[in-house]
Amino acid sequence: MRLCNLLSEGPKDFAEVLQFQRDTHDQVHRSQQHDTIISVEHEPTFTTGVRTKPEHIPETVAPVVPVDRGGSVTYHGPGQLVVYPIVQLQPPKDVIALTRALEQAVIDMLAEDYGIESTRVDDRSGVWIVRPGEQDRKICAIGLRVARDTTMHGIALNVTTDLSWFDQIVPCGIDDASVASMAQLGVDASLEAVNARLIPRIDALLQPLRKPERVADDTLPAVRDASASVRPQRTGTAAATGTERGTARATALPASGRPPRRPEPETRKLLRIEAANAQVPIEQKPEWIRTTAVAGKEYQDMRGLVQGKSLHTVCEEAGCPNIYECWEDREATFLIGGDQCTRRCDFCMIATGKPTSYDRDEPRRVAESVRELQLRYATVTGVARDDLPDGAAWLYAETCRQIHALNPDTGVELLVDDFRGSASAFDEVYAAAPEVFAHNLETVPRIFKQIRPAFRYDRSLDALRRASEAGLVTKSNLILGMGETREEIESAMRDLVDAKVDILTLTQYLRPSKLHHPIDRWVKPEEFVELRDLGEQLGFAAVMAGPLVRSSYRAGKLWAQAMRAKGRELPEHLAHLATGAPARQEASSVLARMQQLAPTASATIAQTT
């Protein structure tokens, strides 16, 4: 059993650790890693399981993250010990036995080491404090998932947790009970001390349920503090722009079947740029880098389809905070071409290396997923494939053709790289007639070579210009906060207008790990509003700007807006894309929400200080 103790690092971002969980789950399933127990403390976060009702999702200053575990909504935050056992189960898998083993480990530890009497409650998972004449209180929540015979997610034990956070939700969807912590029950203990007593019990009780180890050297070392940086790895079709978050720490074995984004520092020498980046600590996020969840009927339907049919999208597997909105619009994003990129950009999470395969059947499977999900609009992106003569242009084009053939009422956006300037590769993509041809410029000329060394600024502009001349609606993105000035941003926007780009998105850079480019500044929502207004004045047909806007965010809505602005009639079968709720991540919406939540935020700060 491998023990991965992240507690010494303090509270960690939930989405980052979630991705690390998923990558570890994949490695364990493929017998490329030992069964693993992760111990961690999270930053304040609300998570929603598959049984969460829309009315139970809080409006809060903390992030709300959908997860693919059982149960309803719960809270994770400082003072709470969270343990994720990721183990392969013997057949037939017994999820009930797994749940009972974890509950028993907590019950035994509380009683034997701290004198706290706890128990199970019929028809309710978790560990409870039950006393005559008092309301039942849950001290430890359990939410699990077993996929491909391998477990993930786990338990959350309130040690010194600020229980006032639970006042914002119906914990675990149970409205006739409350919560407890060890501190509330009079126990003074640190997370490290509790973890040291709990993990050996979990390991012992899980032993009868586990498959024999497939990885050599199956020993249980002392719980150790893992201090080497590990960036969560992109898996399956999951991907995001380099502005997505992603750091965690552990001692990890390299995966061979599905490689990590880049080999971990333990297994390779750092690039000079990575070593320089690592000297700058990870930056603290400002209050406006937050989002809240609004789960409507379409989102619930989409989630049911994804869970029930084991489908995969970038949106869910990368933990995108905008999933509620895009899925409510029946929009999703897919990654094609593998998970190894032949280029390295200093902001991007994707692994750089030699791709291992080229799957010509992938377009058909993506088209079938679009049909299964009943999507109204699909964005298709991918890794750079400089190892292929056409740079994977055929793969993009064929995916677009297959989606259109199987889903005639679905719009398609292709977000491609620059194909090294190959005219024939671009012509292949143009001929597939996507609703939008997208290529992201990302940054300004002065720092372009540092940020995107394998790309060229002029070549990117030329790709967009040629697509416009081919009659396509074109789109690009600028990431702010990487060292550019306001004047340089405005100049790059004018360059894009000169290249006849129709749609522009502007977003805040979020550093994936300490090995990536440091954040130069946090761009305030007010500045995003100003840049949006400037973009409209310059002549873009549609502009979306905001700290958590991403290039594929509300993509169908933006395309419909651009079509109207260009005086083009929307095809009847795509007219539905002109409808939809306002964009919550657009900067003016963020500002309005911050003003509304200001009293709540002040109250929360007062409670926790």
Side-chain angles (χ1 to χ4, degrees), residues 1-14 16-18 20-21 24-25 28 33-45 47 69 74-87 98-99 101-116 118 126-127 129 138-144 151-163 179-207 210 219-228 230 247-252:
M1 180 80 78
R2 180 181 73 136
L3 303 182
C4 178
N5 182 1
L6 311 183
L7 293 172
S8 65
E9 301 179 17
K12 297 193 70 64
D13 182 279
F14 182 88
E16 296 167 356
V17 180
L18 176 61
F20 181 47
Q21 260 203 90
T24 303
H25 176 277
V28 170
Q33 180 57 278
H34 293 287
D35 287 350
T36 299
I37 296 178
I38 301 170
S39 302
V40 67
E41 177 186 25
H42 287 300
E43 295 176 353
T45 307
T47 66
R69 57 160 172 80
T74 194
Y75 166 76
H76 297 300
Q80 184 185 75
L81 174 61
V82 180
V83 178
Y84 299 121
I86 304 176
V87 302
L98 172 66
T99 303
L102 293 173
E103 290 171 342
Q104 195 62 50
V106 175
I107 291 169
D108 291 348
M109 185 270 299
L110 289 176
E112 296 169 10
D113 294 327
Y114 296 103
I116 296 175
S118 61
V127 177
I129 306 299
K138 180 179 280 191
I139 193 170
C140 180
I142 296 183
L144 300 168
T151 68
M152 64 182 296
H153 302 298
I155 67 173
L157 174 64
N158 295 324
V159 181
T160 60
T161 317
D162 178 359
L163 301 180
V179 291
S181 70
M182 294 174 64
Q184 184 193 56
L185 298 171
V187 172
D188 181 12
S190 68
L191 294 185
E192 283 282 11
V194 174
N195 186 65
R197 289 164 172 78
L198 179 60
I199 296 304
R201 288 181 168 89
I202 290 177
D203 178 65
L205 289 171
L206 290 185
Q207 191 65 40
R210 295 167 52 201
T219 60
L220 181 65
V223 177
R224 66 181 181 272
D225 176 51
S227 59
V230 169
T247 56
R249 294 179 188 270
T251 301

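Position 1 is the first residue of the sequence; numbering continues from there. Note that the structure is a prediction, hence the values are computed from the model and not measured.
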Rounded to the nearest 0.5 Å, how far does [atom2] of [Y] lie from [atom1] of [X]?
| X | Y | atom1 | atom2 | result |
| --- | --- | --- | --- | --- |
| Ile38 | Ile199 | CD1 | CD1 | 10.5 Å |
| Ile86 | Thr24 | CD1 | OG1 | 5.0 Å |
| Met1 | Gln207 | CE | CD | 7.0 Å |
| His153 | Leu18 | NE2 | CG | 6.0 Å |
| Asn5 | Ile37 | CG | CD1 | 11.0 Å |
| Leu185 | Leu110 | CG | CG | 8.5 Å |

(message) Pair Thr151, Leu206 - check side-chain contact (heavy atoms from CB on, under 4.5 Å), show working.
(response) CA-CA 11 Å; Thr151 68; Leu206 290 185; over 6 Å; no
Heavy-atom closest contact ([X] atom, [Y] atom, distance):
| X | Y | answer |
| --- | --- | --- |
| Thr99 | Ile142 | O-CD1, 4.0 Å |
| Cys4 | Thr36 | CB-CG2, 4.3 Å |
| Tyr114 | Ala189 | CE2-CB, 3.8 Å |
| Ser181 | Val159 | CB-O, 3.7 Å |
| Val17 | Val40 | CG2-CG2, 4.2 Å |
| Ala156 | Val82 | CB-CG2, 4.2 Å |

(request) Determine yes or no for a side-chain-to-main-chain donor-acceptor pair under 3.5 angstrom, with Glu103 supplying the side chain and Gly126 the backbone. (result) yes
(request) Can you spot which of Ile202, Leu198, Ile107 makes a side chain to side chain contact (heavy atoms under 4.5 Å, CB included) with Leu102? (result) Ile202
(message) Just to verify, which of Asn158, Thr161, Thr74, Asp162 counts as forming a side-chain hydrogen bond (donor to acceptor under 3.5 Å, both in side chains) with Gln80?
(response) Asn158
(request) Would you mind checking if Asp203 and Arg210 are paired as a salt bridge, meaning a charged N to carboxylate O distance below 4.0 Å? (result)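 Between Asp203 and Arg210 there is a salt bridge, with a charged N closer than 4.0 Å to a carboxylate O.
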(request) Measure up the His76 and Phe14 rings against each other and bin them: parallel (under 30°), tilted (30 to 60°), perpendicular (over 60°). (result)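 Correct class here is parallel.
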